[in-house]
Amino acid sequence: MVFAAPWFLAALAVVPLLGAWLWRQKQARLRRWQVLRVEQWLPRKIGRQWPLLAALCGLLLALAQPQWGQTAQTVDMPGLQIMVLLDLSQSMLVEDVNGRRLAAAHRAINTVATQLESGDELGIIGFAGEHRLLLPLTPAYETLLPSVLSAAQPSLLSVQGSALTPALQTAVQTFPQPHTAQPILLILTDGELHERQAVATARRLEEQNILLVVVGIGTEAGGAVPNVDENGRQAGFKQDAAGETHISRLQTAVLEQLTAAGSGRYLPPTAVSNLPAILANLRQTHSGQRQIVQPVARYHLFLLIALLLLLWHYMRPKRLPTFRLQPRPRWSVWLLLLLVGCSRDPSEVALQQGNVAYESGDYAAAVALYEDGLGGSETAVLSYNAANAHYRLGAYEQAVRIVQDFQPGNNVSMIDKVYFTLGNSHFQQGDYEEAIAAYQQVLRHTPDDADAKHNLELALLMRVSSPETSSDEENGAQQNDEQTERPSLPTPGGEQQFNPDAGTPLRAQPVLDPNAPEVALPSLLQEAVTNAPLLMPQFPDAGETAAPAYPDW
Amino acid sequence: MNLQIASPAYLTCFLLILIYLLPRRTHGLHFSHLGLLPVGASWRLRLRPLRKILRIAVMSLVVLALARPQMTPPPQPTAVPDAALVIALDISNSMRAQDLLPDRLTVARQLVAEVIAERPLLPIGLVLIAEQAIIHTPPTRSHDQLLAQLAQVSFAEEMGLVDGTALGGGVATAAAMLARIPAAERQILLFTDGVNTDAALDPLTVAQTAAALNIQIFTVGLGRPGVVPFPQQGVNGTYVVQWESLLDETLLQTMATATAASYVRITAADLTAADPANLPTLTLPTTTAVATTLPAAPPVDLFPWLIAAAVTLLLLELWLGQTILFTLPEDA
């Protein structure tokens, strides 16, 4: 396969650069929006863009115009069309080739004319400083050639010098377009050209399918140029600017450069006799039937692949985030919950039943039920509720014991309630120091717990008003005095009510609670939550809030 | 230059683009009226459809490039006629008569130019008839050169020639040039308005020689019979006199029939009656013999431009999607 425009293949180097740019864009976006956890919304890999880059490669390959195969067309172009460019400058009057150079040129033209077959065409352009069409390209040259050649003298042209390029351009234009036969340019000159653009013009001859033959006329040794006036009489020799007699020589190098540019043939003066043979050779190789081949363009395959890749890439569904907010759980989630609810483990059953018993006042049964369910998933809640039930029954030691063994586990919101119950149990037992410590724990955790504050004040008062047993011996008399009168604590309004409420027994909390408020947790627990799946993303689902501007592809 | 589609079957790929245009399920809330929402569309939102438009444009350009539109070049002559023609033109003084405006010679030159224009690639030559025949241009296919030469033709006296009408010489010169050309059909077209002044060479004899060589002589008589206006140079400028014009129609007709050709007379009425370019009587039998047929010039493909435009729009859409019109979640 060849490419008619291979410079576009260099543009393929842009494609990996484009891929790198896309990757950098993604990285910058990730850095900028890190707090929004945006990586779950962006495609994980830059490889997602590969169809687009591949389509771009396909387009660039098609742009380079791949071709293979050829169509051939046969064209019949019989005959030759020879345009002679005859140098008519004064230097052609030099007599260094057994007579004048011009005469040698005329002989060459006659030789060519005899070599032409019927149907060939011949034309002559004479050039010096200007150029003139002496004979148009015609098949009827025989009748005119003698008169044309006799008129072809340097005196014919008024502007002297040797300017080949304008004559060359005119000669190219005289060939009829499109070419009806094989065009040949025959230049007869001594090479003393005064302008050098002819080489550039000659270079274009090959692409126009014009053959070039250059015949050098003259000698290396050269000769003086006769100074011929308008009457034809010679008056000395021409002199150059310095006053020296100018020697006109054959410029072989210039002529060879000319033929090299136009991929033509150069004939030195000694080989002029080969001219007929060369013409015959050209006739054989270039005239007659010819195949015109044209390459076939094959870009369609690349374009089709690019089109399909583009279409697929544009129509691919956008990447969905791994997790997204559901405004309400789908029916499958409800079913799952139902199943989970139906297949509860015994500790949950125990919890439910125990709660029922507790609320109906049957604390002993509640205790039994709670202690049955210990060891399951709701152990923490069960043990807490059991402690409350014992408290209600007045078994404060049991309550304390259970609470002290209490393991909060994952349910850290129960810490307050647990310590509160502990404080109450200790209080009831008269261990005011432990009660105070427990209430203070509660208040450390929840400073604005009114019940804990109230009970703490009571405990402090009780501690002051009832001395401990160790100090009883020291203050026996005072104790007896004080013990007789239990002070009635001043109350703002009415009797001090002791609030032994240990709180309502906790019900099983659902595992998934999208509406659960966020709680400020200790750092250790925060880490545990971080590693757990997010229940609620930090920003709403863009597809559901930006509806009007959301693209629907 | 005409536009043509080389492979129109590929245009069915537009159906593929229609798939892209199908509406798809959108996520969103339905509002009865957007006025309920306290939002206004910023310029960025308004420009969001631009990405989709660019994508459709890219794919459309690719489909058009697949169809391969081309510009056909202006038609070139493809048939090379196997024929040759020489036009013999009378430039004697009688051609100054003004019954054909502005004068007979100018009209004759216009007719010659039309003949040349209708016959591309035909070798056409020009012979001028004065007191003797002048080869003005040998038969050549370079019609530009020929027309340039034709523009230089004037009356014999103005061209430095002796006035006269050597019909025999003119036809003989033309026939001599044609004899060297190996063509199937060789024709001479003779324009004259007078009589032969050269007694040395009888036109009829020449006509018979030409007939032997299979050369046809088509003759054209210019001007109406009788008295015609004729300019004369006077002391105070030119003035017009009435002058009787003589035309040897018999000779012309005989020459034509002898060579299996035709004779026609052109008067002012013929020129004004119909479009001068469509003179049916002046139409030579078109040369049917064709030496060779040349291939037509190849059309110019336009698909590289379409692909380049598609690449540009593709890169533009990619850049917009990454920078100004970026959306989350990111599109494909």
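Residue numbers start from 1 in every chain, and the chains themselves are labelled A, B, ... in the order their sequence lines are given, proteins ahead of strands. These numbers were taken from a predicted model, which means no experiment stands behind them.
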Original post:
Hey, does B/Thr137 have a side-chain heavy atom less than 4.5 Å from the side chain of A/Pro136?
Top reply: yes
**OP:** Return the option, out of A/Leu52, A/Val14, A/Leu63, with the maximum number of heavy-atom pairs under 4.5 Å with chain B.
**Re:** A/Leu63
Original post:
How would you list, in number order, the residues of residues 175-183 of chain B that have a heavy atom less than 4.5 Å from chain A?
Top reply: B/Ala176, B/Met177, B/Arg180, B/Ile181, B/Pro182
Subject >> Max heavy-atom pair count under 4.5 Å with chain A, selected residue of B/Thr173, B/Ile17, B/Thr323, B/Ile19 >> reply: B/Ile19
Donor-acceptor contacts, no H, no angles, side chain residues 299-310 of chain B, under 3.5 Å, sequence neighbours left out:
from     : atom 1 : to      : atom 2 : distance (Å)
B/Asp301 : OD1    : B/Arg68 : NE     : 3.0
B/Asp301 : OD1    : B/Gln70 : NE2    : 2.9
B/Asp301 : OD2    : B/Arg68 : NE     : 3.4
B/Asp301 : OD2    : B/Arg68 : NH2    : 2.7

Original post:
By salt bridge (Lys or Arg N to Asp or Glu O under 4.0 Å), which residues pair with B/Arg186, not counting sequence neighbours?
Top reply: none
Subject >> chain B-proximal positions within residues 300-309 of chain A [heavy-atom distance under 4.5 Å] >> reply: A/His300, A/Leu303, A/Leu304, A/Leu307, A/Leu308
Subject >> Polar side-chain atom of A/Thr138 near backbone of B/Thr140 as donor-acceptor pair, under 3.5 Å >> reply: no
Original post:
Between B/Ser7, B/Ser142, B/Pro123, which has the largest tally of heavy atom pairs under 4.5 Å with chain A?
Top reply: B/Ser142
Subject >> Minimum side-chain heavy-atom gap B/Leu314-A/Leu310 below 4.5 Å >> reply: yes
**OP:** Under 4.5 Å heavy-atom distance to chain B, tell me which part of A/Phe8 shows up: side chain, backbone, both or neither.
**Re:** neither
Subject >> chain B contact via A/Glu121 - which portion, at a heavy-atom distance below 4.5 Å >> reply: side chain
Original post:
If you round to the nearest 0.5 Å, how far is CG of B/Leu318 from CG of A/Leu56?
Top reply: 8.5 Å
Subject >> Side-chain heavy atoms of A/Tyr314 within contact of B/Met59, under 4.5 Å >> reply: yes
Original post:
Where does B/Leu66 contact chain A at under 4.5 Å (heavy atoms): side chain, backbone, both or neither?
Top reply: both
**OP:** Answer whether the closest heavy-atom distance between the side chains of A/Arg29 and B/Gln322 falls below 4.5 Å.
**Re:** yes
Original post:
Of the listed residues (A/Leu18, A/Thr74, A/Leu137, A/Thr143), which shares the most heavy-atom pairs with chain B below a 4.5 Å separation?
Top reply: A/Leu137
**OP:** Heavy-atom pairs under 4.5 Å with chain B are the metric here; pick the option from A/Leu60, A/Leu133, A/Leu135 that has the most.
**Re:** A/Leu133
Original post:
Is the count of non-hydrogen atoms from other residues, nucleotides or ligands lying under 6.0 Å from A/Arg24 atom CZ greater than 12?
Top reply: no
**OP:** Could you look at A/Leu144 and say if it's the side chain, the backbone, both or neither that has a heavy atom under 4.5 Å from chain B?
**Re:** side chain
Original post:
Rounded to the nearest 0.5 Å, how far apart are OG1 of A/Thr174 and CZ of B/Arg141?
Top reply: 13.0 Å
